[in-house]
Amino acid sequence: MTAPDAEVPAKSGPAPARDFIRQIVDEDNRVGKWGGRVHTRFPPEPNGYLHIGHAKSICLNFGLAKEFGGLCNLRFDDTNPAKEEVEYVDAIQEDVRWLGFSWDDRLFYASDYFEKLYAFAEQLIEKGLAYVDDLSQEEIRAYRGTLTEPGKDSPCRDRAPEENLDLFRRMRAGEFPDGAKVLRLKIDMQSPNVVLRDPVIYRIKHVEHHRTGNTWCIYPMYDYTHCISDALEGITHSICSLEFENNRPLYDWVLNQLPVPGHPQQIEFARLNLSYTVLSKRKLIQLVTEKVVSGWDDPRLPTLSGIRRRGYTPEAMRDFCERIGVSKADSQVDMALLEHCLREDLNARAKRLMGVLRPLKLVITNYPEGQAEDIHFPYHPEDASMGARQVPFSRELYVERDDFMEVPAKKWFRLAPGAEVRLRHAYYVTCTEVIKDPATGEVVELRCVHDPATKGGWSSDGRKVKGTIHWVSAAHALPAEVRLYDRLFTKENPTEGKGDFLDHINPHSLEVIENALIEPALADIPVGENVQFERLGYFCVDKDSTPQKRVFNRSVALKDSWAKAAR
RNA sequence: UGGGGCGUCGCCAAGUUGGUAAGGCACGGGGUUUUGGUCCCCGCAUUCGUGGGUUCGAGUCCUACCGCCCCAGCCA
């Protein structure tokens, strides 16, 4: 049902609001700035897994291309071999595909351009716009000045182009150790924008690159690489997040000095923040390596692989990305919106089945022992096309512990001594006896009588039963493990304030129910598929499932106005 | 303290020649209902960070403040 690799369907219905980026594209098209061309790119660094914040960017970039009949490239920004790995390259592609987007043959790597980048750097040197600096890292930092004081020129700043060229070539040849020299742009050490104070564009790193191997020992830096890569690919709109706003003058500066085929427009938007979680690669990687969670695909994580395993659908993710909008204001989106998007999607498409999380035995004393019957159960109350299955019913059932109250609260419609409820699609049943463990006082069994005339869950005498509960037949039910998830952090913004964000981990973010019981049909649901456990929530089959025991992840609970009222 | 951004309902977010505050989520109320689900109604900013000013009229223009975010990696 998650339809991996499915193309994003064309949008129907009202057009989404024109965010400021779409307005820029509209205007560009109006004046013919790019000849009607729209070409974007999604440029992840393969140094971690993608998260929901990336989904926002993916939907924006690929979505924009799709809407305007343009193209969107997938480009790995792999200029720092010390941090990047193929594992991430593979995972990222899987995630983008899962979201429903494709890049056809436009899979690129910044490392594809290393040779060109190098040649451009020599040109810059020849034009006297770049120089090799011998200063140490600490010295460069000291020379850079501070936010309020201008920097000062490096002693190497006025080296002759020929000398710079010679040095730069020897850097490439591997004549110097890591950190011995760097190539810097000659811009302005007094600039109020620190980014422009002769930025380093090449550093020496004798590190093997996941794609270029040991071909290089010097690697270009982001500011230099990104703009040129964009230009080489014919990108029209280079969309990135707000923190790169300071870098835009540098982006433009580099492209203005070089004979590149075009000059894309960099546009910055506010990255996503989600309540009760963290969305930074550094923190996510920390959660994984410090084993706070089980891995990159832990269902509690906001990584796309975690979200996918949790049971979120690409449709819900895209809807979410559309609903949050695009702007330049820092914001933190309420987790409730994400959950809403999933519920809305699954409400329409998920089969309804029954599972009991915390079983309480219920015996129907006036139902013949040894008898069983099949109950007709539609898969969806509003969509008959989804079909139906037979659910076995018998004298001994299990119902949800939470559906019984020995001393009912006011407005309680479910089981209680003497109360009549409907067993969904089966019979009306009245609780006649409550059996307790004499030692602990715990309720261990309910005795009930059923009304045979209410078969199917309906009475012809106009009798009103307000409560309907779900059930499984004791003899037919199958064991299952169910994992319930809650927010990973107890603080809305775990990063805020002093102290470590790990101090705010929610100790109850995972609850494993080992002894749940499910109806037989639930055993046939394939891994990854979403279903609704009636009255409980949407669940999906986890990959940890075995033929003996299915494992379900609760993706999101159903809205529960009773629980809300009780609170 | 230099530079770059941002501030419209609890959370997002429209608002584009200034003309009298969209929508979604959340929340509250009611109806329907064999999921206390769904669905359907209704309500929810005399107000746009604040103070001045221009104007017949300002969220939209001017001005002065205030608050928050980003930048001093040989990270991206």
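Throughout, protein chains are lettered first and strands after them, A, B, ... in sequence-line order, and every chain is numbered starting at 1.
Relative to the ring axis of A/Phe108, A/Arg41 does not place its NZ or CZ within 45° and under 6.0 Å from the centre.
With hydrogens and angles disregarded, no donor-acceptor distance shorter than 3.5 Å links the side chain of A/His226 to the backbone of A/Met221. Side-chain atoms of A/Thr277 do not come within 3.5 Å of backbone N or O of A/Leu274 as any donor-acceptor pair.
A/Gln332 comes within contact range of the sugar-phosphate backbone alone, with a heavy-atom separation under 4.0 Å but no base atom that close. Residue-level contact check: A/Val465 touches neither bases nor backbone, having no heavy atom under 4.0 Å from any strand.
Using a 4.0 Å cut-off between a side-chain N of Lys or Arg and a carboxylate O of Asp or Glu, A/Asp402 and A/Arg535 do not qualify as a salt bridge. A salt bridge is absent between A/Asp133 and A/Arg159: the closest approach of a Lys/Arg side-chain nitrogen to an acidic carboxylate oxygen does not fall below 4.0 angstrom. The pair A/Arg414-A/Glu400 does not meet the salt-bridge criterion, since no charged nitrogen lies less than 4.0 angstrom from a carboxylate oxygen.
Taking only distance into account, the side chain of A/Gln532 meets the base of B/U35 through a donor-acceptor pair shorter than 3.5 Å. Remark: the A/Glu382 side chain and the B/G37 base include a donor-acceptor N/O pair separated by less than 3.5 Å.
Counting to the nearest Å, the P atom of B/C69 and the CZ atom of A/Arg271 are 15 Å from each other. Atom CG of A/Asp383 is separated from atom P of B/U38 by 17 Å (rounded to the nearest Å). Between A/Gln23 atom CD and B/A13 atom P the separation is 14 Å, expressed in whole Å. If you take CD of A/Glu322 and C1' of B/G23, they are 12 Å apart, rounded to a whole angstrom. In this structure, the CE atom of A/Met386 is 17 Å from the P atom of B/U38, given to the nearest Å.
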Quick one, give me the B/S/- string for nucleotides 70-76 of chain B, reading 5' to 3', where B means a protein heavy atom under 4.0 Å from the base and S means that only happens at the primed atoms, P, OP1 or OP2. BBBSBSB
Which nucleotides of nucleotides 24-29 of chain B have their base under 4.0 Å from a protein heavy atom (B), which only their sugar-phosphate (S), and which neither (-), written as one string 5' to 3'? SSSSS-
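For the pair A/Thr468 and B/U35, the criterion of a side-chain N or O lying under 4.0 Å from OP1 or OP2 is not met. Between A/Ser561 and the phosphate of B/G37, there is a side-chain N or O to OP1/OP2 separation shorter than 4.0 Å.
Taking the side chain of A/Glu245 as heavy atoms from C-beta on, and the options B/C12, B/G5, B/A13, the nearest nucleotide is B/G5.
Summary of the strand contacts: A/Val326 and A/Glu534 both lie near RNA chain B, and taking for each the nucleotide with the nearest heavy atom, the more 5' one is attributed to A/Val326. Residue A/Glu492 is the one, among A/Arg414 and A/Glu492, whose nearest nucleotide of RNA chain B lies closer to the 5' end (criterion: closest heavy atom).
At a cut-off of 3.5 Å, with distance as the only test, a side-chain donor of A/Tyr49 or A/Glu87 sits close to an acceptor on the other residue. The closest side-chain donor-acceptor pair between A/Asp198 and A/Tyr143, if any, does not fall under 3.5 angstrom.
Residues passing the side chain to side chain donor-acceptor pair (under 3.5 Å) test with A/Lys33 are A/Gln265, sequence neighbours excluded.
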